[in-house]
Asker: 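First the structure, then my questions, so here it is.
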Amino acid sequence: SSLESALYIEDDIRMGALGINAGIHASSFSVQHKLFTSLQPRFSARYLLGGGYTAKLSFATMTQYINLLTNEGSGLPSDLWVPSTKRIVPQNSSQLAAGLVKIFGNDYECSVEAYYKKMNNVLSYKEGASFIGISTNWEDKVLQGKGEAYGFEFFVQKKKGKFNGWIGYTLSWNDRNFDDIN
């Protein structure tokens, strides 16, 4: 049994060609007589450069109390969602993204973005462990570690006309390290 609470406040600010959205997300998670709390600032800005170009920048911190646990070694789908507990602390991350958007007339939009994400307390099974069999507590079968993800995203959209749609492509890397595995 657990209880998650959250509050979010944000504001949009415009100063000529500069637009800013800033906010803060406050949350708490109560489980097994343990209370986890988090303040997570969020910030994004865009600047109209002229000629149909816009520059974008964003930063966000996030805390996740419900964790996805994936068995990378199994050929069978075995993704499980497990809660934070007294022993399994919440995952948290910080992400920075920057991009450039070009609008052609009113019909087409193209963008390219780069991002970097740093993660703490990510979950993985201990070596050789799985959820098959219930002889031990699931918390004894997992480890927490660190990770990072980074990459580029490309996007093209046709907005108007009888034929419209979009196509996107992401090239990314995700590295996770666990002291008892790596």
Side-chain angles (χ1 to χ4, degrees), residues 4-29 36-70 72 77 79-82 84 89-124 144-178 182:
E4 183 174 357
S5 304
L7 175 68
Y8 184 72
I9 298 170
E10 73 173 28
D11 194 16
D12 283 315
I13 304 163
R14 292 189 180 214
M15 297 177 285
L18 178 64
I20 296 173
N21 178 281
I24 191 156
H25 181 262
S27 66
S28 68
F29 187 77
F36 298 103
T37 60
S38 176
L39 285 177
Q40 305 158 49
R42 316 278 170 91
F43 171 84
S44 66
R46 65 167 172 56
Y47 188 78
L48 303 174
L49 299 169
Y53 286 95
T54 302
K56 303 186 315 182
L57 179 69
S58 67
F59 176 78
T61 60
M62 296 155 276
T63 299
Q64 186 166 322
Y65 302 108
I66 306 298
N67 309 287
L68 179 62
L69 182 59
T70 302
E72 295 90 1
D79 291 352
L80 297 172
W81 288 94
V82 295
S84 296
V89 297
Q91 295 183 54
N92 61 68
S93 65
S94 299
Q95 180 170 312
L96 179 65
L100 186 64
V101 178
K102 168 69 174 161
I103 297 178
F104 299 93
N106 288 328
D107 292 346
Y108 294 92
E109 176 180 319
C110 297
S111 68
V112 61
E113 247 183 83
Y115 69 93
Y116 176 79
K117 183 176 187 178
K118 181 132 179 95
M119 300 170 281
N120 295 303
N121 305 319
V122 293
L123 278 183
S124 182
Q144 290 194 280
K146 295 181 180 186
E148 64 180 2
Y150 49 93
F152 300 93
E153 297 178 352
F154 304 94
F155 180 78
V156 177
Q157 180 179 20
K158 184 175 185 297
K159 296 181 174 186
K160 294 185 178 179
K162 288 185 178 182
F163 180 74
N164 57 54
W166 58 267
I167 188 167
Y169 179 77
T170 301
L171 177 62
S172 62
W173 294 265
N174 185 344
D175 298 311
R176 294 174 182 227
N177 291 294
F178 302 89
N182 305 102

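Residue indices begin at 1 and follow the sequence shown. From a predicted model like this one, the values you see are computed outputs, not experimental measurements.
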Asker: In chain order, what residues pass the side-chain hydrogen bond (donor to acceptor under 3.5 Å, both in side chains) check against N92, with sequence neighbours excluded?
Answerer: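 N92 satisfies side-chain hydrogen bond (donor to acceptor under 3.5 Å, both in side chains) with N120 once adjacent residues are dropped.
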
Asker: To the nearest 0.5 Å, tell me how far F154 CZ sits from T170 OG1.
Answerer: 9.0 Å

Asker: Holding to ring-ring contact (aromatic ring centres under 6.0 Å, His included), I want the full list of residues that pass it with W166, two or more places apart in sequence or in another chain.
Answerer: F155

Asker: Can you list the residues that meet the side chain to side chain contact (heavy atoms under 4.5 Å, CB included) rule with Q40, with sequence neighbours excluded?
Answerer: H25, S27, S38, R42, T61, M62, T63

Asker: Quick one: closest heavy-atom pair of S124 and F178, and the distance?
Answerer: CB-CZ, 3.3 Å

Asker: Apply side chain to side chain contact (heavy atoms under 4.5 Å, CB included) to L49 and L100, showing your working.
Answerer: CA-CA 10 Å; L49 299 169; L100 186 64; 3.9 Å; yes

Asker: Could you work out, with salt bridge (charged side-chain N to carboxylate O under 4.0 Å, His left out) as the rule, every residue matching K118, not counting sequence neighbours?
Answerer: none

Asker: Roughly how far, to the nearest 0.5 Å, is the CG atom of L96 from the OG atom of S58?
Answerer: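 Taking OG in S58 and CG in L96, the distance rounds to 7.0 Å.
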
Asker: Tell me every residue that passes side chain to side chain contact (heavy atoms under 4.5 Å, CB included) with N67, counting only those two or more places apart in sequence or in another chain.
Answerer: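 Once residues adjacent in sequence are excluded, the partners of N67 under the side chain to side chain contact (heavy atoms under 4.5 Å, CB included) criterion are V82, S84, I88, Q91, L123.
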
Asker: For N106, is the CG atom crowded, meaning more than 12 foreign heavy atoms sit under 6.0 Å from it?
Answerer: no

Asker: Measuring from atom OG of S111 to atom CD of Q157, what distance do you get when rounded to the nearest 0.5 angstrom?
Answerer: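 With rounding to 0.5 Å, OG (S111) is 9.0 Å from CD (Q157).
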
Asker: Would you list the pairs meeting salt bridge (Lys or Arg N to Asp or Glu O under 4.0 Å) in which at least one residue belongs to residues 98-107, sequence neighbours left out?
Answerer: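 Counting only pairs at least two positions apart or across chains, no salt bridge (Lys or Arg N to Asp or Glu O under 4.0 Å) contact touches residues 98-107.
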
Asker: I'd like to check the side-chain hydrogen bond (donor to acceptor under 3.5 Å, both in side chains) partners of Y108; sequence neighbours left out, ordered by chain and number.
Answerer: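 Here no residue qualifies.
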
Asker: Under the rule for side chain to side chain contact (heavy atoms under 4.5 Å, CB included), what residues qualify as partners of L39, not counting sequence neighbours?
Answerer: I24, A26

Asker: How far does SG of C110 sit from CD1 of I167, to the nearest 0.5 angstrom?
Answerer: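 Atom-to-atom, C110:SG and I167:CD1 are 11.5 Å apart.
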
Asker: Keeping to residues at least two apart or across chains, list the salt bridge (Lys or Arg N to Asp or Glu O under 4.0 Å) pairs with something in residues 145-172.
Answerer: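 Applying salt bridge (Lys or Arg N to Asp or Glu O under 4.0 Å) to every pair that reaches into residues 145-172, excluding sequence neighbours, yields E109-K159.
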
Asker: Would you please name every residue forming a side chain to side chain contact (heavy atoms under 4.5 Å, CB included) with A17, sequence neighbours left out?
Answerer: Y47, L48

Asker: For D11, enumerate each residue passing the side-chain hydrogen bond (donor to acceptor under 3.5 Å, both in side chains) test, keeping only those at least two apart in sequence or located in another chain.
Answerer: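 side-chain hydrogen bond (donor to acceptor under 3.5 Å, both in side chains) list for D11, sorted by chain: empty.
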
Asker: To the closest 0.5 Å, what do you measure between CG (N174) and OH (Y150)?
Answerer: 9.0 Å

Asker: Do E4 side-chain atoms and Y65 backbone N/O form a donor-acceptor pair below 3.5 Å?
Answerer: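 Side chain of E4 to backbone of Y65, a donor-acceptor pair under 3.5 Å: no, none is there.
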
Asker: Looking at Y116, I'd like to know if its OH atom is crowded, meaning that more than 12 non-hydrogen atoms belonging to other residues, nucleotides or ligands lie closer than 6.0 Å.
Answerer: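 Above 12, so yes.
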
Asker: Which pairs, with at least one residue in residues 56-67 and sequence neighbours excluded, count as a salt bridge (Lys or Arg N to Asp or Glu O under 4.0 Å)?
Answerer: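 For residues 56-67: K56-E113.
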
Asker: Does atom OH (Y8) have a neighbourhood of more than 12 heavy atoms from anything else shown, all under 6.0 Å?
Answerer: yes

Asker: Mark yes when over 12 heavy atoms from residues, nucleotides or ligands other than I13 sit less than 6.0 Å from its CD1; otherwise mark no.
Answerer: yes

Asker: To the nearest 0.5 angstrom, please state how far the CZ atom of R46 sits from the CD1 atom of I20.
Answerer: 10.0 Å

Asker: Determine whether a donor-acceptor pair (N or O, by modelled atom type, separation under 3.5 Å) exists between the side chain of Q144 and the backbone of N121.
Answerer: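 Pair found, side chain donor or acceptor close to backbone of N121.
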
